[in-house]
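Take a look at the structure set out below.
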Amino acid sequence: MRTTIQSVTSPGFGLILAVCLQCSAWAQTDLSGYWKFSIPNGGVAFLELKQTGENISGVGRGGPGRPLSGTVRNGKLHIETPFGPPGGKQVVIYDAVVQGDKFAATRQRPGQPPEQGVLERVSRDEAVPPRLPLPDLQNLPDNGLVRTPPMGWNSWNKFHDRFDDATVRQMADAMVASGMRDAGYTYIVVDEGWSSSRDSHGNIVGNARFPDMKALADYVHAKGLKIGIYSSPGPQSCGGYQGSYGHEEQDARTFAAWGIDYLKYDWCSAFGIYQPTQADLQGAYQKMGEALLKVKRPIVYSMCEYGLGDVWNWGADAGGNLWRTTFDIADNWASMERIGFAQLDIARFPTPGHWNDPDMLEVGNGGMTGDEYRTHMSLWALLRAPLMAGNDLRSMSEETKSILMNSDVIAIDQDAAAEPVEALSIEGQQEVLVRPLMGDAVAVGLFNRGEQTAQIGFRWDSLHLGENLGGKTLSARDLWKHADVPVDGDGFTAAVPRHGVVLLRVEARAFRFR
Ligand code: GLA
C-alpha cells in the first residue's frame with residue numbers, strides 16, 4: 001500500500017488515494033468482538049462490542065457488565081457506557097478513529113480530564129477470564145487486629161488515581177507534622193492507582209508513579225505510621241488497575257514482603273466473574289482472608305463490596321476487620337447524610353476488630369460547610385466507624401484540623417463500650433442519637449437535618465445515667481464548643497444550626513462533698 005502511494009508523483013493524488021484506501025478499511029472493519037482500552041501507567045477497561053451497520057451495542061466489562069451503545073461513522077467510533085452506582089445518569093465516553101485492530105482512543109470519565117489511551121482487540125479469555133473455584137465457606141479465626149475502629153488516611157476521596165509515591169510520602173510527613181498521628185491516625189492507605197501489571201513470575205508490580213512499594217512502606221514506617229494498599233478479588237480494580245484474581249496468595253505474600261499493614265480489597269471487576277450473592281461474595285473475600293492469615297505479618301483486612309449480601313452478617317467470618325456498608329460517599333451533604341443516617345439500622349453489628357465502614361471521611365475536601373463536616377465527624381464517631389481522613393493533609397485549614405483532631409470526638413469513636421448508637425428521638429428532620437460509653441457515660445448527638453435552625457432537646461432522665469446510684473451527679477460537656485453544659489432543670493435544649501450538630505458527653509460522677 002505504501003509503495004503505491006509513494007509512486008504517485010502528484011502529492012494531491014496521493015492524498016486522495018490514501019484517504020480512499022482508508023475508506024475501504026473502514027468499510028471492511030467489523031468491530032464486533034472484545035476490546036481493551038489501556039492508558040500508559042493507568043488502568044484498563046474491557047469492551048464487548050457488537051457492530052450492526054453503523055450501530056454499536058455491547059457491554060462494558062470489568063464491572064457489573066454495563067450496557068454500552070454507540071456508532072461508527074466514517075471511521076469515527078463513539079461509545080457511551082454508564083458510570084457510577086446503578087441508576088445514576090453519568091456516562092463514560094470513548095472516541096477514536098478506527099484503524100485496524102489497535103488504535104489511539106480517548107476516554108472521558110465524569111469530572112475528570114480526557115485520558116489518551118489505546119484500544120486494541122483482545123481474546124475473550126482476556127476480557128472475561130474464566131471463573132476459578134472459590135473455597136468452601138468456613139469461619140476464619142480472628143486476626144486480633146484493630147480492637148477499636150481503624151484511623152488513618154486514604155488517597156481516594158481527594159486524589160482518585162492521580163497521585164504518586166511523593167504524594168503519599170508527603171501525606172505521611174503531614175500526618176506527623178499536623179498532629180494527626182498523635183491524635184490517633186495511623187494507617188496511610190494507598191488506594192487505586194499504584195499497580196501496573198505483573199512481572200514474568202506473576203508478581204504484582206507498581207507502575208511508574210509507584211516504582212518501589214517496599215521503599216514507600218519503609219518511609220511510612222519510619223514516621224511511626226503504618227501503610228495500607230489496595231487490590232481487588234477481580235482481575236482489575238474499578239479503574240482498571242491490576243487486581244489479585246487468581247494470584248491471591250502470591251499477592252498476600254508480596255504485600256507482606258513489602259511491609260504492608262492493611263489491605264483494602266474492592267469488589268470492582270469481580271462483578272464480571274462471580275455473582276453478587278452472599279455465597280460468591282463470602283467465598284471471594286474468604287479466599288484473600290485465608291491468604292492474609294497464611295503470611296507472617298499482621299495485615300488489617302478492609303473489605304469493600306458496598307454492603308452487598310448484607311456483609312455485616314458474615315464479614316468477620318471471611319476474615320474481615322472492616323467492611324464497607326454502602327456505595328461510595330461523595331463530598332456533599334446529600335451523600336453524607338443519606339449514608340450516615342442509614343447506618344443506624346445496622347449499628348448493632350460491629351464488634352471489636354470487626355467494623356461497619358460507611359466509607360471514608362470527606363472532611364476538609366471543600367464540598368460541605370463546617371457544620372456539615374462536624375455532623376459527618378460526630379455521626380461517624382457515634383457509629384464507631386473507621387476514621388479514614390480523605391483530604392489533603394498538607395493544606396488543612398484550622399477548622400478542618402479542629403474537626404479531624406477533636407480528641408473528645410475521637411474518644412467517642414474509639415470508646416470500648418460495646419453498645420450501639422440508638423435514636424432517642426426522631427422528630428421530622430431532628431434526631432437525638434445516644435450511645436453508651438465506658439463508665440457511667442453516654443454520648444448524645446442532637447442532629448438537625450433540616451434547612452432552618454431548630455431547637456432540639458432531650459430529658460436528662462431519658463439517658464438513664466446514674467440511676468439508683470445514690471450520691472452521683474450528672475455532668476455534661478459540649479464537645480464542639482469545648483465547654484461544660486449546666487445540668488439543671490429537666491432537660492437540655494439547644495439551637496442547632498441547619499445541617500449541624502450539638503454533641504455532648506454526659507456522665508454520672510460520684511458526688512464529692514467539699
Ligand atoms: C470503589 C471504592 C472506592 C475507591 C474506588 C477506586 O468505588 O468504593 O472507595 O476505592 O473504587 O476506584
Side-chain angles (χ1 to χ4, degrees), residues 37 39 41-46 60-64 66 81-88 90 92 107 109-112 115 150 152-163 167-168 187-196 207 209-210 228-245 262-272 276 281 284-285 288 300-309 311 315 320 322-332 335-336 338-340 343 355-363 365 380 385-391:
F37 175 76
I39 298 174
N41 283 309
V44 300
F46 292 97
R61 293 285 177 188
R66 296 293 190 75
T81 181
F83 179 82
Q90 294 184 311
V92 183
R107 177 170 72 179
R109 288 187 286 179
Q112 299 196 31
E115 301 164 297
W153 174 86
N154 176 297
S155 52
W156 176 255
N157 282 359
K158 173 69 187 174
F159 295 104
H160 283 203
D161 61 349
R162 294 185 298 278
F163 69 124
T167 321
V168 178
Y187 293 93
I188 295 273
V189 181
V190 179
D191 204 279
E192 170 166 86
W194 67 270
S195 59
S196 177
N207 59 40
R209 288 179 281 120
F210 288 89
I229 208 166
Y230 167 97
S231 189
S232 170
Q236 284 87 35
S237 64
C238 297
Y241 292 80
Q242 187 66 46
S244 293
Y245 183 65
Y262 181 115
L263 172 66
K264 176 174 169 183
Y265 205 47
D266 193 348
W267 188 247
C268 296
S269 67
F271 269 120
L281 290 156
Y285 277 93
M288 183 51 99
V300 174
Y301 189 23
S302 163
M303 299 166 49
C304 177
E305 45 82 283
Y306 336 118
L308 297 170
V311 61
L322 58 156
W323 43 80
R324 277 274 297 278
T325 55
T326 81
F327 280 101
D328 293 15
I329 195 168
D331 184 22
N332 61 66
S335 165
M336 186 278 291
R338 180 177 44 75
I339 288 175
Q343 303 298 308
W355 306 105
N356 281 347
D357 173 9
D359 209 353
M360 299 160 305
L361 298 172
E362 292 284 8
V363 177
N365 279 334
W380 264 234
L387 297 178
M388 303 300 289
N391 58 316

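Just so you know, ligand 1 is whichever comes first in the structure, and atom 1 is the first atom listed for that ligand.
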Parallel, tilted or perpendicular: ring planes of Tyr301 versus Tyr265, cut at 30 and 60 degrees: tilted

Distance-only N or O hit between ligand 1 and Asp359, under 3.5 Å: no

Close approach of His160 to ligand 1, heavy atoms, under 4.0 angstrom: no

4.0 Å heavy-atom contact, Ser237 with ligand 1: no

Considering all heavy atoms, the nearest Leu322-Tyr262 contact: CD1-OH, 3.5 Å

Atom indices of ligand 1, in the order listed, that fall short of 4.0 Å to a heavy atom of Tyr230: 6 (C), 10 (O), 11 (O), 12 (O)

Tyr306 near ligand 1 by a heavy-atom separation under 4.0 Å: yes

Approximate separation, where rounding is to 0.5 Å, of Phe210 CZ and Ser195 OG: 10.0 Å

Protein residue, atom and distance nearest to atom 9 (O) of ligand 1, heavy-atom basis: Lys264 NZ, 2.8 Å

Geometric N/O contact Asp328 with ligand 1, under 3.5 angstrom: yes

Among Asp161, Asn41, Asn207, the one residue meeting side-chain hydrogen bond (donor to acceptor under 3.5 Å, both in side chains) with Tyr241: Asp161

Sidechain-backbone polar pair: Trp380 side chain, Asp359 backbone, donor-acceptor under 3.5 Å: yes

Proximal atoms of ligand 1 relative to Cys238 (non-hydrogen, under 4.0 Å): 1 (C), 11 (O), 12 (O)

Protein contact to atom 1 (C) of ligand 1 [nearest heavy atom, distance to 0.1 Å]: Asp266 OD2, 2.9 Å

Closest non-hydrogen atom pair, Ser232 against Cys268: OG-CB, 4.0 Å

Qualifying residue, where the test is side-chain hydrogen bond (donor to acceptor under 3.5 Å, both in side chains) with Gln343 and the options are Thr325, Asp357, Asn356: Thr325

Gln236 side-chain N/O to Gly43 backbone N/O, donor-acceptor pair under 3.5 Å: no

Best match, Asp191, Asp357, Asn157, Asp161: closest heavy atom to atom 10 (O) of ligand 1: Asp191

Those atoms of ligand 1 less than 4.0 Å from some heavy atom in Arg324: 2 (C), 8 (O), 9 (O)

Which of the ligand 1 atoms, numbered from 1, are nearer than 4.0 Å to a heavy atom of Cys304: 2 (C), 8 (O)

Separation between CH2 of Trp355 and CH2 of Trp323, rounded to the nearest 0.5 Å: 9.5 Å

Nearest non-hydrogen protein atom, atom 12 (O) of ligand 1: Glu192 OE1, 2.7 Å

